[in-house]
Amino acid sequence: MEEIVLRLKELLLPSIADAAVLWVDVSIAMVRVDVECTANGAACPACEVWSNRVHGSYQRFPADVPSARRSVVLQLRVRRFACGNSGCTRRTFVEHLPGLTRRHGQRTERLPATLAAVGLALAGRAGGRQDEASRASRSPAHC
């Protein structure tokens with residue numbers, strides 16, 4: 001089973017070093033991938049002091065590139081860390097997974113790039129259909 005999870009991580013998150021695929025749920029219309037960050041800590045974006053003191057965590061649901069006509073949604077658990085610098089203006093901050101998501105982003109970094117490439121290659125029609133699939137994956141009924 002561990003080998004299957006490792007292969008899924010390689011397929012779904014090939015360039016993300018500090019992420020682990022915990023499980024994958026496939027339905028007729030969507031693929032939901034449970035992902036968790038595995039880094040020991042993170043650097044504060046304001047003062048760059050390293051912290052491993054977890055303040056809390058929450059889930060994000062960024063849409064990803066559709067696969068086999070199914071919407072792909074990541075169920076991404078991110079942690080909020082307490083900054084160790086008493087003089088820092090930020091008391092807490094959220095870990096970031098470079099190459100996967102942007103701050104406050106509702107899509108993975110590769111989804112807009114893929115949509116742009118498809119739209120340019122096929123004069124926008126196919127890109128529009130693919131965008132509809134990604135928008136459907138973010139609707140409240142699916143989260």
Side-chain angles (χ1 to χ4, degrees), residues 1-85 88-122 124-143:
M1 183 66 166
E2 188 174 320
E3 182 179 330
I4 293 171
V5 171
L6 287 173
R7 288 189 184 200
L8 281 172
K9 183 196 180 298
E10 289 173 8
L11 287 170
L12 297 169
L13 308 169
S15 62
I16 313 302
D18 293 329
V21 174
L22 302 178
W23 59 265
V24 177
D25 182 29
V26 180
S27 68
I28 293 171
M30 117 187 308
V31 177
R32 186 170 298 221
V33 183
D34 191 8
V35 179
E36 184 175 70
C37 186
T38 58
N40 292 332
C44 175
C47 68
E48 299 183 0
V49 169
W50 185 262
S51 176
N52 60 359
R53 236 177 63 211
V54 177
H55 178 27
S57 67
Y58 65 94
Q59 290 184 335
R60 294 179 59 189
F61 298 91
D64 198 11
V65 177
S67 174
R69 294 190 177 199
R70 291 184 173 122
S71 300
V72 176
V73 175
L74 300 180
Q75 187 170 323
L76 177 62
R77 177 161 300 281
V78 292
R79 295 169 292 179
R80 181 171 287 282
F81 291 98
C83 183
N85 181 0
C88 183
T89 57
R90 294 186 105 163
R91 297 188 193 277
T92 64
F93 61 92
V94 175
E95 66 189 333
H96 176 68
L97 291 169
L100 183 61
T101 59
R102 290 192 179 157
R103 204 170 153 207
H104 306 294
Q106 294 181 352
R107 298 177 178 191
T108 60
E109 288 187 7
R110 63 185 171 183
L111 180 58
T114 302
L115 290 174
V118 170
L120 287 172
L122 301 173
R125 283 179 245 116
R129 284 193 299 274
Q130 194 162 5
D131 187 44
E132 286 175 18
S134 71
R135 287 178 196 266
S137 68
R138 292 187 319 225
S139 68
H142 295 291
C143 294

So, for [X] and [Y], which heavy atoms are closest and what is the spacing to 0.1 Å?
{"X": "Cys47", "Y": "Cys88", "value": "SG-SG, 3.7 Å"}
{"X": "Phe93", "Y": "Ala43", "value": "CE1-O, 3.6 Å"}
{"X": "Asn40", "Y": "Trp50", "value": "C-CZ2, 4.3 Å"}
{"X": "Thr89", "Y": "Ala46", "value": "OG1-CB, 4.4 Å"}

Please report the interatomic distance [atom1]([X]) to [atom2]([Y]), rounded to the nearest 0.5 Å.
{"X": "Phe81", "Y": "Arg53", "atom1": "CZ", "atom2": "CZ", "result": "11.5 Å"}
{"X": "Leu76", "Y": "Tyr58", "atom1": "CG", "atom2": "OH", "result": "8.5 Å"}
{"X": "Glu48", "Y": "Asn85", "atom1": "CD", "atom2": "CG", "result": "11.5 Å"}
{"X": "His55", "Y": "Arg80", "atom1": "NE2", "atom2": "CZ", "result": "7.0 Å"}

Check: Arg79 side chain, Glu95 main-chain N or O, donor-acceptor pair, under 3.5 Å: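 Between the backbone of Glu95 and the side chain of Arg79 there is no qualifying donor-acceptor contact (under 3.5 Å).
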When you measure from the side chain of Ser71 to the backbone N and O of Met30, does any donor-acceptor pair fall under 3.5 Å?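 No; zero donor-acceptor contacts below 3.5 Å.
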Candidates Val73, Asp25, Val72 - the one meeting side-chain contact (heavy atoms from CB on, under 4.5 Å) with Val31: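 One option only clears the test, and that one is Val72.
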Is atom CZ of Arg90 surrounded by more than 12 heavy atoms (other residues, nucleotides or ligands) closer than 6.0 Å?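 Above 12, so yes.
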Could you walk me through whether Arg32 and Phe61 pass the side-chain contact (heavy atoms from CB on, under 4.5 Å) check? CA-CA 9 Å; Arg32 186 170 298 221; Phe61 298 91; 3.5 Å; yes
